[in-house]
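In the text below, chain A, chain B and the rest are named by the order of the sequence lines, each starting its count at 1.
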Amino acid sequence: MSELIGAPRGVYDILPEEAEQWQWLESRLKHVIHLAAYREIRVPIFENTDLFKRGVGETTDIVNKEMYTFLDKSDRSITLRPEGTAGVVRAYLSNGMHRLTPPVKLWYFGPMFRYERTQAGRQRQFHQIGIEALGSSGPAIDAEVILIANDCLEAVGIKDCRLELNSIGCTDCRPRYRDLLRQTLEPKLPLLCEDCKERFERNPLRMLDCKVETCQAQFVNLPSTIAELCQPCKEHWDGLLSALEQTGLKPVLNDRLVRGLDYYCRTVFEFITTDKRLGAQSTVCAGGRYDYLIETLGGTRTPAIGWAMGLERVRIISDAPSGSGPSVFAVSCDEKAALSIATRLRREGISCDLDFAPSGKPRGLGKQMEKANKTGARFAVIQGEDELASNTISIKDMKSGEQTRIPAQELVPFFSGKVGTPAN
RNA sequence: GCAGGUGUCGCCAAGCGGUUAAGGCCCUGGAUUGUGGUUCCGGUAUGCGCGGGUUCGAAUCCCGUCAUCUGCCCCA
């Protein structure tokens with residue numbers, strides 16, 4: 001035997017039991033999103049590197065240290081997408097979707113790639129589902145987008161999740177706030193960590209969510225992002241709060257929430273769980289408004305907002321069930337007879353499995369029954385020597401143990417109404 | 001990129017320097033040559049992540065390496 005080749009670090013296989021949970025999750029999430037009239041868009045999983053550099057931002061960690069970037073055979077720099085929004089916006093522009101009636105409401109699902117240290121709830125290939133609403137600037141669409149995220153989480157059984165919300169202003173008021181922050185913090189600069197000193201120069205807002213205690217100790221009585229919003233941003237913020245209030249969704253206002261990607265403005269939010277199964281990770285969904293991104297990527301100024309949800313994390317804290325066994329298991333001393341029974345049932349939408357012996361020779365009925373039991377089939381359909389001779393079929397209810405014999409041609413009618421189509 | 005933990009059968013796991021490496025699950029065969037879920041019996045690692053070293057002797061000690069987990073940074 002040759003040496004085994006393992007999977008690369010940070011990727012993993014989704015085995016059948018878990019894959020069934022994924023199908024359950026995906027179908028429920030899709031359903032919620034479709035109810036709000038968002039339509040699916042499928043975009044490539046790799047793009048030109050510049051798209052992410054420009055879109056996500058040169059100063060972000062994602063671009064600086066987490067991208068899977070390589071040269072293709074023609075020396076083009078290609079990057080495996082680290083997030084979904086940049087690609088969706090690129091597709092929106094590439095395909096002239098800006099001419100559609102706004103807002104253009106889209107959703108996507110698929111793998112994302114980030115070169116990071118792996119740990120609980122974090123891998124190098126992971127999956128996000130996300131929505132984007134392009135072309136509407138009012139607070140109502142912000143509320144819609146947030147409410148959909150909330151309903152998605154509820155639809156998969158996630159309860160202990162809080163919504164943190166903030167506004168980080170626009171190109172008018174954010175520079176003012178940034179200067180104010182710099183002024184306030186300048187005297188304390190020597191007391192802060194190296195990262196914060198760096199952030200002070202490049203992106204002062206990022207200092208606010210520094211995890212270093214000695215830094216946070218210096219960050220008391222700082223000016224609040226909300227208090228410094230300009231009039232239009234303030235109106236937008238108030239509009240969002242009242243829209244959310246009308247739906248009964250209660251956000252936790254957090255004026256330290258700033259988010260890591262450069263393209264956000266005004267509304268930013270995160271859904272955060274306290275479920276300890278996620279280890280150090282707690283954010284399951286995050287997003288915000290990105291009114292300048294489309295322009296940055298070569299379009300005309302277009303307001304937009306969206307979020308992304310990490311499905312690995314969501315699965316762990318959801319109550320996704322794995323699939324159940326077939327409705328029927330066909331048992332026979334003759335494999336061809338069993339297959340023929342299975343086929344008749346399958347064509348009527350009734351799931352049915354049978355035993356395929358490793359040796360190629362049918363195993364005893366006892367062994368087959370054992371297997372029927374193990375697969376969790378609701379009924380066993382038995383056609384042994386007797387049944388074959390009399391053109392009948394025995395049907396055994398695997399729960400009660402009751403068994404009845406019916407004419408072979410009544411097989412399908414017997415089951416109609418008794419069992420459904422396969423679960424998912 | 002940094003800091004720790006762990007690596008024995010497909011899975012869980014005992015062993016902690018001495019001769020044939022427990023056990024459980026799963027899988028598989030049989031008791032039961034036409035009937036499952038209980039029970040009983042049998043089979044399944046010449047091997048202890050990999051490479052070196054110490055030793056009369058190593059899964060057990062040391063070094064390196066790889067993988068994995070946990071945390072930091074950051075993020076979904």
Side-chain angles (χ1 to χ4, degrees), chain A residues 3-12 15 56 59-66 82-85 109-130 149 152-153 193-196 198-199 206 209-213 258-261 269-273 276 278-287 306-317 329 331-334 355 357-359 362-377 379-389 394-403 405:
Chain A
E3 203 183 337
L4 289 174
I5 298 174
R9 158 168 266 187
V11 303
Y12 69 109
L15 303 179
V56 179
T59 64
T60 62
D61 276 13
I62 288 180
V63 169
N64 280 315
K65 51 180 211 186
E66 295 174 0
E83 57 98 53
T85 302
F109 165 75
M112 306 292 163
F113 304 84
R114 261 126 84 163
Y115 192 89
E116 295 187 278
R117 258 349 255 216
T118 56
Q119 58 178 262
R122 192 180 203 166
Q123 36 279 129
R124 289 182 175 176
Q125 175 179 308
F126 61 102
H127 297 77
Q128 289 186 333
I129 191 167
C152 278
L153 294 172
C193 71
E194 288 310 307
D195 285 338
C196 276
E198 174 75 11
R199 292 178 185 126
R206 301 303 314 281
D209 62 1
C210 179
K211 307 297 184 299
V212 178
E213 277 186 33
V258 295
R259 311 281 309 128
L261 283 54
F269 58 91
E270 289 185 5
F271 283 85
I272 297 173
T273 179
K276 49 266 159 251
L278 283 186
Q281 271 55 244
S282 58
T283 302
V284 294
C285 175
W307 52 251
M309 194 175 279
L311 270 282
E312 274 78 3
R313 292 179 186 180
V314 165
R315 184 191 68 82
I316 290 169
I317 63 172
F329 196 95
V331 169
S332 177
C333 51
D334 176 1
D355 187 41
S359 69
R363 298 195 275 196
L365 295 194
K367 283 294 163 196
Q368 294 189 42
M369 288 301 294
E370 218 173 276
K371 178 143 184 180
N373 183 55
K374 232 176 307 192
T375 60
F379 294 95
V381 162
I382 304 155
Q383 196 168 43
E385 307 283 358
D386 289 0
E387 286 88 349
L388 282 170
S394 293
I395 294 171
K396 182 165 187 172
D397 183 318
M398 295 300 279
K399 262 193 200 128
S400 66
E402 278 172 49
Q403 186 166 326
R405 194 185 282 210

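If you take CD1 of Ile272(A) and C1' of C75(B), they are 12 Å apart, rounded to a whole angstrom. Atom-to-atom, CZ of Arg313(A) to P of A76(B) comes out at 8 Å; the value is rounded to the nearest Å.
In this structure, U70(B) and A3(B) make a Watson-Crick or G-U wobble pair, each of the two defining distances being under 3.5 angstrom. For C50(B), the paired base is G64(B) (Watson-Crick or G-U wobble, both distances below 3.5 Å). Pairing of G18(B), defined by two Watson-Crick or G-U wobble distances under 3.5 Å, is identified with C56(B).
Of the listed nucleotides (U35(B), G37(B), A76(B)), A76(B) has the atom at the smallest distance from the side chain of Thr283(A). Listed nucleotides A76(B), U70(B), G1(B) differ in distance to Arg259(A); the shortest reach to its side chain belongs to A76(B). Of the candidates A76(B), C73(B), G36(B), A76(B) carries the atom nearest the Gln128(A) side chain, counting heavy atoms from C-beta on. In the set A76(B), G36(B), C69(B), the nucleotide with an atom closest to the side chain of Gln123(A) is A76(B). Comparing A76(B), G36(B), G1(B) by their closest approach to the side chain of Arg117(A) singles out G1(B).
The backbone N or O of Gly121(A) sits less than 3.5 Å from a side-chain atom of Arg313(A), completing a donor-acceptor pair. A donor-acceptor pair is defined here as one N or O able to donate and one able to accept, closer than 3.5 Å; such a pair exists between the side chain of Glu312(A) and the backbone of His127(A). A donor-acceptor pair under 3.5 Å is formed between the side chain of Gln368(A) and the backbone N or O of Ser332(A). Arg124(A) places a side-chain N or O within donor-acceptor distance of the main-chain N or O of Glu116(A), the cut-off being under 3.5 Å. Thr118(A) places no side-chain N or O within donor-acceptor distance of the main-chain N or O of Gly10(A), the cut-off being under 3.5 Å.
Ala372(A) comes within 4.0 angstrom of no nucleic acid atom, judged by non-hydrogen atoms across all strands. Looking at heavy-atom distances under 4.0 Å, Glu116(A) makes contact with a base. Contacts of Gln383(A) with the nucleic acid, taken as non-hydrogen atoms under 4.0 Å apart, are absent. At a threshold of 4.0 angstrom between heavy atoms, the contacts of Met398(A) include nucleobase atoms, whether or not backbone atoms are also involved. Among the heavy atoms of the strands lying under 4.0 Å from Gly279(A) are primed sugar atoms or P, OP1, OP2 only; no base atom is included. Residue contacts for Gln403(A): at a heavy-atom cut-off of 4.0 Å it reaches a base atom on one of the strands shown. Residue contacts shown for Glu387(A) include a base, since a base heavy atom lies under 4.0 Å away. As judged by a 4.0 angstrom heavy-atom cut-off over every strand, Gly401(A) is placed among the base-contacting residues.
Phosphate proximity of C69(B) to Gln119(A): absent, as no side-chain N or O sits under 4.0 Å from OP1 or OP2. Note on Arg9(A): a side-chain N or O is less than 4.0 Å away from OP1 or OP2 of U68(B). Residue Ser394(A) places no side-chain N or O under 4.0 Å from the OP1 or OP2 atom of U35(B). Residue Arg206(A) places at least one side-chain N or O under 4.0 Å from the OP1 or OP2 atom of C75(B).
C9(B) and G49(B) have their P atoms separated by 8 Å, with the value rounded to a whole Å. Taking atom C1' on both G7(B) and G47(B), the two are 15 Å apart, rounded to the nearest angstrom.
Anti is the classification of G43(B), since its glycosidic angle lies more than 90° from 0.
Rounding to the nearest 0.5 Å places NZ of Lys396(A) at 4.5 Å from CE of Met369(A).
Counting distance only, with no hydrogens placed and no angle test, the side-chain atoms of Asn373(A) and the base atoms of G36(B) include a donor-acceptor pair under 3.5 Å.
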Show the distances under 3.5 angstrom between N or O atoms of the protein and N or O atoms of nucleotides 28-30 of chain B.
from	atom 1	to	atom 2	distance (Å)
G29(B)	OP1	Arg363(A)	NH1	3.3

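With the nearest nucleotide of RNA chain B identified for both Tyr115(A) and Glu270(A), Tyr115(A) has the one nearer the 5' end. Both Arg114(A) and Ala120(A) lie near RNA chain B, and the one whose nearest nucleotide falls closer to the 5' end is Ala120(A).
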